[in-house]
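See below for the structure under consideration.
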Amino acid sequence: MAERRMFAKTIVLSDAFLDMPLSARCLYFTLGMFADDDGFVNGPKSIIRQCGASEDDLKVLVAKRFVLPFESGVIVIKHWRINNYLQKDRYKETKYLNEKSQLVLEKNGAYSECIHSNCIPSIGKYRLDKDIEKESIEKKAPSAHRSQKFIPPTVDEVRAYCTERKNNVNPERFVDFYSSKGWMVGKNRMKDWKACVRTWEQRDKQEKGSNKSNHSPTFDIDEYERESIYDTKEAEK
């Protein structure tokens, strides 16, 4: 197992991370130091006692989706592959292969639960350090994600997607807006938050074309919500 551990500034300096109590942040760093080369940690409660944290701190990390728990008691650091890059000669695969097989790797490098029974691919069946297999995963993942239960994104995830698309959508405003509505679009549960971001992006471009500099949605919200999820074809490039 590699001796060094790293933490990405995009994660540990994000608003979502800094909004957590100091004890929860310290626990996150400590878990990172004890994690294996795939980001898995067994016996997190013993680590909690060692760093003077509490089980509530672990619950905060789970609620904020900085760590993902398994029924076996093992946890994994969600953004492990964003934080760390290990060379092949230093990498040693985790022994928690059953837990690893329950995850998929998102495009930004973060782990996510694979909750569909036929979800493909399983990280445990692929060597993700090979570009050809990364491309295979990214092509197959969307079909699996469509059938998954909707999971609200974090500010950091929205920010990463907005950066990828190079738009001016405010990720904090986006998350705050839909959090206040319970992630509902009208009377329906949101199904695709990325489609929503693309619609905000289009509206922003339209407002700029009308010489409006405010990036927040000034259009009619009811009309916007009707279009944001159920009319996504025009928003996709």
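Just so you know, residue 1 is the first one in the sequence shown, and it goes up from there. Note that the coordinates shown come from a computational prediction; the quantities given were computed from them, not determined experimentally.
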Atom pair CG/CD of Leu68 and Gln102 - distance to nearest 0.5 Å:
11.0 Å
When you measure from the side chain of Trp80 to the backbone N and O of Asp37, does any donor-acceptor pair fall under 3.5 Å?
yes
Of all heavy-atom pairs between Ser54 and Leu27, which one has the smallest distance, and what is that distance?
O-CD2, 4.4 Å
Could you check if a side-chain atom of Thr10 sits within less than 4.5 angstrom of a side-chain atom of Ile82, using non-hydrogen atoms only?
yes
Please check: side-chain N/O of Asn84 versus main-chain N/O of Met6, any donor-acceptor pairing under 3.5 Å?
yes
Any chance you could lay out the side-chain contact (heavy atoms from CB on, under 4.5 Å) test for Cys196 and Phe174, step after step, and finish with the verdict?
CA-CA 9 Å; Cys196 231; Phe174 181 90; 3.7 Å; yes
Give the table of side-chain donor-acceptor pairs shorter than 3.5 Å for residues 155-163, with sequence neighbours excluded, one pair per line with atom names and distance.
residue	atom	partner	partner atom	Å
Glu157	OE1	Thr154	N	2.9
Glu157	OE2	Lys78	NZ	3.4
Arg159	NH2	Glu172	OE2	2.3
Tyr161	OH	Arg198	NH1	2.9
Thr163	OG1	Arg159	O	2.8

Sequence neighbours excluded, which residues qualify as side-chain hydrogen bond (donor to acceptor under 3.5 Å, both in side chains) partners of Thr94?
Asp36
Euclidean distance, Arg90 CZ relative to Lys88 NZ, rounded to 0.5 Å:
15.0 Å
Take atom CD of Glu55 as the centre, draw a 6.0 Å sphere, and report whether it contains more than 12 heavy atoms from other residues, nucleotides or ligands.
no
Interatomic distance, Ile48 atom CD1 to Thr30 atom OG1 [nearest 0.5 angstrom]
10.5 Å
Hey, mind stepping through Met33 and Phe7 against side-chain contact (heavy atoms from CB on, under 4.5 Å) and telling me if it holds?
CA-CA 10 Å; Met33 296 305 299; Phe7 299 92; 4.2 Å; yes
Is there a side-chain contact between Trp193 and Val175, using heavy atoms and a 4.5 Å cut-off?
no
What's the spacing between Phe34 CZ and Ile77 CD1 if we round to 0.5 Å?
11.5 Å
If you look at every heavy atom in Gly43 and Ser46, which pair is closest and at what distance?
O-OG, 2.7 Å
Sequence-distant partners of Leu18, side-chain contact (heavy atoms from CB on, under 4.5 Å), two or more places apart
Arg25
Identify all side-chain donor-acceptor contacts of residues 59-66 below 3.5 Å with residues at least two apart in sequence or on another chain.
residue	atom	partner	partner atom	Å
Arg65	NH1	Glu113	OE2	3.1
Arg65	NH2	Glu113	OE1	3.0

Residues at least two apart in sequence or cross-chain that pass side-chain contact (heavy atoms from CB on, under 4.5 Å) with Cys26, listed by chain then number, are Leu22
Could you tell me which non-hydrogen atom of Leu97 sits nearest to which non-hydrogen atom of Glu93, and how far apart they are?
CD2-OE2, 3.5 Å
For residues Tyr28 and Phe17, establish whether the separation of their ring centroids is below 6.0 Å.
yes
Under the side-chain contact (heavy atoms from CB on, under 4.5 Å) test, residues paired with Lys95 that sit two or more places apart:
none
Nearest heavy atoms of Ser112 and Glu106, plus distance in Å
CB-OE2, 3.1 Å
Run the side-chain hydrogen bond (donor to acceptor under 3.5 Å, both in side chains) test against Ser23 and tell me which residues pass, sequence neighbours left out.
Asp57
So do Asp38 and Tyr111 actually touch side chain to side chain, heavy atoms under 4.5 Å?
yes
For Asn108, the side-chain hydrogen bond (donor to acceptor under 3.5 Å, both in side chains) test, sequence neighbours excluded, returns none
Which residues share a salt bridge (Lys or Arg N to Asp or Glu O under 4.0 Å) with Glu99, sequence neighbours left out:
none
Would Ile47 and Val41 satisfy side-chain contact (heavy atoms from CB on, under 4.5 Å), going step by step from the backbone distance to the final call?
CA-CA 9 Å; Ile47 298 175; Val41 181; 3.4 Å; yes
Only counting residues at least two apart or in another chain, list the ones meeting side-chain hydrogen bond (donor to acceptor under 3.5 Å, both in side chains) with Asn167.
Glu201
Please lay out, stage by stage, how Lys191 and Phe150 fare under the test side-chain contact (heavy atoms from CB on, under 4.5 Å).
CA-CA 6 Å; Lys191 295 181 179 179; Phe150 175 75; 5.7 Å; no
Is there side-chain contact between Trp183 and Pro153, with heavy atoms separated by less than 4.5 Å?
yes
State whether the side chain of Arg5 and the backbone N or O of Asn83 hold a donor-acceptor pair below 3.5 Å, judged by distance alone.
no
State, to 0.1 Å, how close Pro69 and Ile75 come at their nearest heavy-atom pair, and which atoms those are.
CA-CG2, 4.1 Å
